[in-house]
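Throughout, protein chains are lettered first and strands after them, A, B, ... in sequence-line order, and every chain is numbered starting at 1. All values below were derived from every heavy atom in this structure, side-chain atoms included, with hydrogens, water molecules and symmetry-related copies excluded.
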Number of protein chains: 2
Amino acid sequence: MSSLPARADGTRAEILRAAACLFRDRGYHAATVRDIAAVAKMKAGSIYYHFASKDEILAEVLDLGIERIHAAVRDALAALPPKSSSIEAIETAIRVHLEILLRYGDFTSANIRVYGQIPEAARRRSHPVRQAYADCWTALLTRACRDGVVRGDIGVKMLRLLLVGSMNWTVEWYKADRGPVEDIAGSVSKLFFEGVLTPEARTRWLRRRGKRA
Amino acid sequence: MSSLPARADGTRAEILRAAACLFRDRGYHAATVRDIAAVAKMKAGSIYYHFASKDEILAEVLDLGIERIHAAVRDALAALPPKSSSIEAIETAIRVHLEILLRYGDFTSANIRVYGQIPEAARRRSHPVRQAYADCWTALLTRACRDGVVRGDIGVKMLRLLLVGSMNWTVEWYKADRGPVEDIAGSVSKLFFEGVLTPEARTRWLRRRGKRA
DNA sequence: GTCTATATACGGATAGAC
DNA sequence: GTCTATCCGTATATAGAC
């Protein structure tokens, strides 16, 4: 239920794809309208038949990126068997987030990379869409917390920021030759759920922590 | 032992500080030499008495950012009691990395934000410095692995990318009003070492994992 | 060591032919 | 719906006065 099909007459979609790709690779300012046009196999002037300004392209790329990943995660969660545990829900969300981000992810990764570097106005504009996706994760983690599955001493907001952050950062280092996205998703889940300590080290560590508290 | 003092005659350092701040907030291309000059309380032409080009400023900002954080982490590790565990070393590195990044971090966070969006040539130029810092973490985690403290089934490289990634991502959301950096460092350590599951959920989860394997 | 003035190039955006 | 041509602002960088 992404908003892409709505106005995707082909050319428009092509321009958006080109823009997302260039924004991602070079940043918003360094990607010129001429560059975008070239990738979309047109001349710069033609862009303005489809979009009023470069800013409008940016706005659409940003929203599409989040909406796409949000929709995929939402659909995957809805498709889970009704009695699934909140742990399975998180596992699923991790896998789908990474799949969209790394496999079909020009829009999403463009979003992740340029968001911190665009004018305040553009940020405010796309804030609602971002917030909606953040809320999705908050709900997921809050439920897990209430179910007694996830620890309550770190705080749901912090957990979300750290977890989603480590996933988002993958756009900085992932290359297709690093193995399938599923493996990364598996590592993220393992690490997030179990932590990194071996059983023996864990026992020692918890004992020490206990003493301190 | 950062390379800052070497040529920091004041004006030069001021320009670098201004540039780092603007690169961080707007990205490399959007931050103009005029902007940098204005923040450093000069006119654009004067910049070129101190630097040959904007690219040179970028190169220096990038290297300084990494060298600073690397030096701080290295010093903190060297200052640990000789019999410290590899776990304490990692804990220390996490804390110092976050402190430098979030408290004195214009250079470091500029680095983190713009690295993905600068020309290939600039990236290659600063690669050695980045690699050296990455090696520092690899050594830390490899030692912990060898000591039987850290699990071996995820892979040291993946662990490093996910851990450092979740920390680096904090530049996207941290604001001073979110509480002291130490608290964030504590949360990161807890999450990284222990994972997020409650003891009961952990038992169930491990049993399920065991069955699958 | 910093200024003003300017060369030169390139950016976003528009007008009007086709 | 796409093109060419072009306006106009702004970017990096330089030259030379002070």
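- Cation-pi geometry between A:Arg113 and A:Phe23 is not met: the NZ or CZ atom fails to fall both under 6.0 Å from the ring centre and inside 45° of the normal.
- The bend of the helix from C:dG1-D:dC18 to C:dC18-D:dG1, defined by the angle between the axes of its first five and last five pairs, stands at 0° to the nearest 10°.
- A cation-pi arrangement is not found for A:Arg68 relative to A:Tyr104, the charged atom failing to lie both closer than 6.0 Å to the ring centre and inside a 45° cone about the ring normal.
- Taking atom NZ on B:Lys43 and atom C1' on C:dT4, their separation rounds to 10 Å, with Å as the unit.
- Between the CD1 atom of B:Ile15 and the C1' atom of C:dG1 there is a distance of 10 Å, given to the nearest Å.
- Of all non-hydrogen atoms in B:Leu77 and B:Cys136, the two that sit nearest each other are CD1-SG, 4.5 Å.
- Atoms CD1 (B:Ile36) and P (D:dT12) sit 7 Å apart, rounded to a whole Å.
- In this structure, A:Ser46 does not reach the D:dG1 phosphate: none of its side-chain N or O atoms is under 4.0 Å from OP1 or OP2.
- Evaluation of the side chain to side chain donor-acceptor pair (under 3.5 Å) test over residues 81-98 of chain B, restricted to residues two or more places apart or in two chains, returns A:Arg208-B:Glu91, B:Ser85-B:Glu88, B:Ser86-B:Asp147, B:His97-B:Tyr133, B:His97-B:Asn168.
- Counting to the nearest Å, the P atom of C:dG1 and the CD atom of B:Glu14 are 15 Å from each other.
- Counting to the nearest Å, the P atom of D:dA13 and the NE2 atom of B:His50 are 16 Å from each other.
- Surrounding CZ of B:Arg130 are more than 12 heavy atoms belonging to other residues, nucleotides or ligands, all under 6.0 Å away.
- Rounded to an integer number of Å, the gap from CE of A:Met42 to C1' of D:dC3 is 10 Å.
- B:Arg160 and B:Thr138 share a side-chain donor-acceptor pair at under 3.5 Å.
- Across the protein-nucleic acid pair, B:Glu56 atom CD and D:dA13 atom P stand 10 Å apart, rounded to whole Å.
- Whole-Å rounding puts the B:Tyr49 OH to C:dG1 C1' distance at 6 Å.
- Residues B:Gly27 and B:Val114 come closest through the heavy atom pair CA-CG1, 4.1 Å.
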Fill in the blank from the handout: Heavy-atom contacts, protein to nucleotides 11-18 of chain C, under 4.0 Å, summarised as B (base), S (sugar-phosphate only) or - (none) per nt, yield BBBB----
Exercise for the section: Let me see the working for B:Thr32 and B:Asp35 under side-chain hydrogen bond (donor to acceptor under 3.5 Å, both in side chains), right down to the final yes or no. Expected result: CA-CA 5 Å; B:Thr32 72; B:Asp35 293 336; 3.1 Å; yes
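- Taking the ring axis of A:Tyr28 as reference, the NZ or CZ atom of A:Lys54 stays within 45° of it and closer than 6.0 Å to the ring centre.
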